[in-house]
Asks: 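Below: one structure in structure tokens.
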There are 2 protein chains.
Amino acid sequence: MNQQLRAISELDRVIHEPGRLMIVALLSAFKECDFLYLLHETEMNKGNLSSHLARLEEAAYVEIQKTYRGKVPQTVLRLTSAGRKAFDGYRKGLKAAF
Amino acid sequence: MNQQLRAISELDRVIHEPGRLMIVALLSAFKECDFLYLLHETEMNKGNLSSHLARLEEAAYVEIQKTYRGKVPQTVLRLTSAGRKAFDGYRKGLKAAF
DNA sequence: GCATTCTAGTTTGCCATACAAACCTGTCGT
DNA sequence: ACGACAGGTTTGTATGGCAAACTAGAATGC
């Protein structure tokens with residue numbers, strides 16, 4: 001297997017999924033976003049966004065912090081350092097592949 | 001939705017799948033490969049490779065030509081022009097996203 | 001003050017699909 | 001003739017993405 005193919009086959013599937021890729025890209029740019037911001041920005045529906053976030057949390061790539069803004073519940077998302085590292089690795093992998 | 005996210009969300013899922021991405025990348029480099037070459041190069045198993053190729057054929061991205069090399073059956077794969085275009089588009093999408 | 005609606009998400013159900021194991025068809029060696 | 005092998009394909013399963021339905025609590029109408 002050549003180097004290009006190796007790079008492709010080693011891409012992190014958790015990040016590779018476009019829905020999650022959008023989330024991670026946003027979080028890597030903004031450090032901290034709330035659920036609704038991601039919802040509007042990605043144009044996903046709530047269920048979809050929620051389950052992708054759950055998957056990212058399970059992979060320990062994002063932290064999910066439930067809080068309140070006054071009386072309104074608010075879910076704040078943050079990339080963990082593992083998440084940032086994984087995203088950097090993913091981009092390196094892409095670079096190596098193309 | 002910003003331009004980066006748009007690019008990500010519009011990535012062609014048929015090509016995006018790493019297994020198929022490897023296949024398409026190889027075919028785009030070599031114009032024509034046989035099944036066994038792809039098999040060894042990608043390190044997939046036969047079933048997996050076969051079904052990814054079927055999917056690419058269904059999308060009209062590759063042509064599958066069954067022939068013989070002597071008495072040994074040989075399956076030759078080739079990117080169609082639609083396939084090449086889709087791959088170019090995919091790479092443009094990636095560039096736009098990162 | 002009770003019902004309705006709205007906000008902010010989560011859970012459920014279904015369908016598509018990635019993957020590998022089992023299978024199939026023909027050839028070669030002995 | 002028969003077992004092993006080559007070259008793929010089909011089948012079965014388990015995962016996973018997606019949207020619809022659900023939940024909990026706050027604001028609003030009557």
Side-chain angles (χ1 to χ4, degrees), chain A residues 1 5 8-27 32-78 86, chain B residues 1 5 8-27 32-78 86:
Chain A
M1 197 193 272
L5 297 188
I8 291 172
S9 76
E10 285 173 357
L11 290 171
D12 183 335
R13 306 290 272 246
V14 173
I15 292 188
H16 191 60
E17 160 63 28
R20 286 187 296 267
L21 192 46
M22 289 194 282
I23 294 172
V24 171
L26 275 173
L27 290 180
E32 180 170 318
C33 307
D34 65 11
F35 186 92
L36 291 178
Y37 178 74
L38 290 178
L39 182 64
H40 295 129
E41 202 63 15
T42 62
E43 292 179 11
M44 298 193 234
N45 58 48
K46 295 180 291 180
N48 199 354
L49 177 56
S50 177
S51 47
H52 280 312
L53 286 172
R55 189 125 165 53
L56 287 168
E57 182 184 32
E58 182 192 320
Y61 289 172
V62 309
E63 264 178 31
I64 304 186
Q65 184 187 351
K66 288 166 201 307
T67 172
Y68 285 87
R69 193 184 41 209
K71 302 203 163 178
V72 182
Q74 184 183 216
T75 299
V76 176
L77 292 321
R78 211 173 290 102
Chain B
M1 196 192 273
L5 297 188
I8 292 173
S9 75
E10 285 172 358
L11 290 171
D12 183 335
R13 306 290 273 243
V14 173
I15 293 190
H16 191 60
E17 160 63 29
R20 288 189 294 268
L21 192 46
M22 289 195 281
I23 295 172
V24 170
L26 276 173
L27 291 179
E32 181 171 315
C33 308
D34 64 10
F35 187 92
L36 291 178
Y37 178 73
L38 290 179
L39 182 63
H40 295 128
E41 203 61 16
T42 62
E43 293 178 10
M44 297 193 236
N45 58 47
K46 295 181 290 179
N48 198 352
L49 176 57
S50 178
S51 48
H52 279 313
L53 286 172
R55 187 122 166 58
L56 287 167
E57 183 185 31
E58 182 192 320
Y61 288 172
V62 310
E63 264 178 30
I64 304 185
Q65 184 185 352
K66 286 164 204 305
T67 173
Y68 285 87
R69 193 185 41 208
K71 301 202 164 178
V72 182
Q74 185 185 213
T75 299
V76 176
L77 291 320
R78 210 173 291 105

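Every value quoted in this text rests on a predicted model; they were computed, and no experiment measured them. Protein chains get the first letters and strands the later ones, always in sequence-line order, with residue 1 at the start of each.
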Asks: Choose from C:dT7, D:dT9, D:dG17 the nucleotide whose nearest atom is closest to any side-chain atom of A:V72.
Replies: C:dT7

Asks: At what distance, to the nearest 0.5 angstrom, does CG of A:N45 lie from OG of A:S51?
Replies: 8.0 Å

Asks: Atom CG of A:L38 and atom P of C:dT10: how far apart are they, to the nearest Å?
Replies: 12 Å

Asks: Please report the distance, rounded to the nearest Å, between CD1 in B:I23 and P in C:dC19.
Replies: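 About 10 Å, once rounded to whole Å.
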
Asks: To the nearest 0.5 angstrom, please state how far the OG1 atom of B:T42 sits from the CG atom of B:N48.
Replies: 8.0 Å

Asks: Mind calculating the distance between CG (B:D34) and C1' (D:dG7) to the nearest angstrom?
Replies: 10 Å

Asks: Taking only side-chain N and O atoms of B:N45, does any of them lie within less than 4.0 angstrom of OP1 or OP2 on C:dA20?
Replies: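 The answer is yes; a side-chain N or O of B:N45 sits under 4.0 Å from OP1 or OP2.
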
Asks: Can you see if the side chain of B:K66 gets near the phosphate of D:dT9 - specifically, an N or O under 4.0 Å from OP1 or OP2?
Replies: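 Answer is yes, contact under 4.0 Å.
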
Asks: For C:dT25 and B:K71 - does any side-chain N or O of the residue sit under 4.0 Å from the phosphate oxygens OP1/OP2?
Replies: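 No, B:K71 has no side-chain N/O under 4.0 Å of OP1/OP2 on C:dT25.
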
Asks: In this structure, how many angstroms lie between the P atom of D:dT15 and the CD atom of A:E17, rounded?
Replies: 17 Å

Asks: Rounded to whole Å, please give me the gap between OH in B:Y37 and P in D:dG8.
Replies: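 Atom-to-atom, B:Y37 to D:dG8, this comes out as 16 Å.
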
Asks: By the 4.0 Å heavy-atom rule, please label A:L36 as base, sugar-phosphate, or nothing.
Replies: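 If one applies the 4.0 Å heavy-atom cut-off, A:L36 turns out to touch the sugar-phosphate alone, with no base involved.
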
Asks: For B:N48 and A:N48, take the nucleotide of DNA chain C holding the closest heavy atom to each; which residue's nucleotide lies nearer the 5' end?
Replies: A:N48

Asks: Would you say A:L53 and A:F35 make side-chain contact, with heavy atoms under 4.5 Å?
Replies: yes

Asks: Compare side-chain N and O positions of B:R20 against OP1 and OP2 of C:dT17 and report whether any pair is under 4.0 Å apart.
Replies: no

Asks: Once you round it to whole Å, what is the distance between P of D:dT9 and CZ of B:R55?
Replies: 17 Å

Asks: Please tell me which of the listed nucleotides, D:dG8, D:dC18, C:dG9, lies nearest to the side chain of A:F35?
Replies: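 Nearest listed nucleotide: C:dG9.
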
Asks: Checking all strands, does A:L49 fall into the base, sugar-phosphate, or nothing category for heavy-atom contacts under 4.0 angstrom?
Replies: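 No contact.
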
Asks: Distance check: side-chain N/O of A:H52 vs OP1/OP2 of D:dG16, anything under 4.0 Å?
Replies: no

Asks: Any chance you could measure A:L5, atom CG, to B:I23, atom CD1, to the nearest 0.5 Å?
Replies: 10.0 Å

Asks: Can you tell me how far P of D:dG17 sits from CE of A:M44, to the nearest Å?
Replies: 11 Å

Asks: Where the side chain of A:H52 meets the backbone of A:P18, is there a donor-acceptor pair that is under 3.5 Å apart?
Replies: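 Answer holds: no.
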
Asks: Give a yes/no answer on whether the side chain of A:R69 brings an N or O atom under 4.0 Å of OP1 or OP2 in C:dA8.
Replies: yes

Asks: Is any side-chain nitrogen or oxygen of B:S50 closer than 4.0 Å to OP1 or OP2 of D:dG8?
Replies: no

Asks: If you pin B:G47 and A:G19 to their nearest nucleotides in DNA chain D, which one's is more 5'?
Replies: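 Nearer the 5' end of the strand: B:G47.
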
Asks: Atom CD of B:E57 to atom P of D:dG8: distance rounded to whole Å?
Replies: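 To the nearest whole Å, that distance equals 14 Å.
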
Asks: Would you compute the distance between atom CD1 of B:I64 and atom CG of B:L56 and round it to the nearest 0.5 angstrom?
Replies: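 With rounding to 0.5 Å, CD1 (B:I64) is 8.0 Å from CG (B:L56).
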
Asks: Give a yes/no answer on whether the side chain of A:R13 brings an N or O atom under 4.0 Å of OP1 or OP2 in C:dC19.
Replies: yes

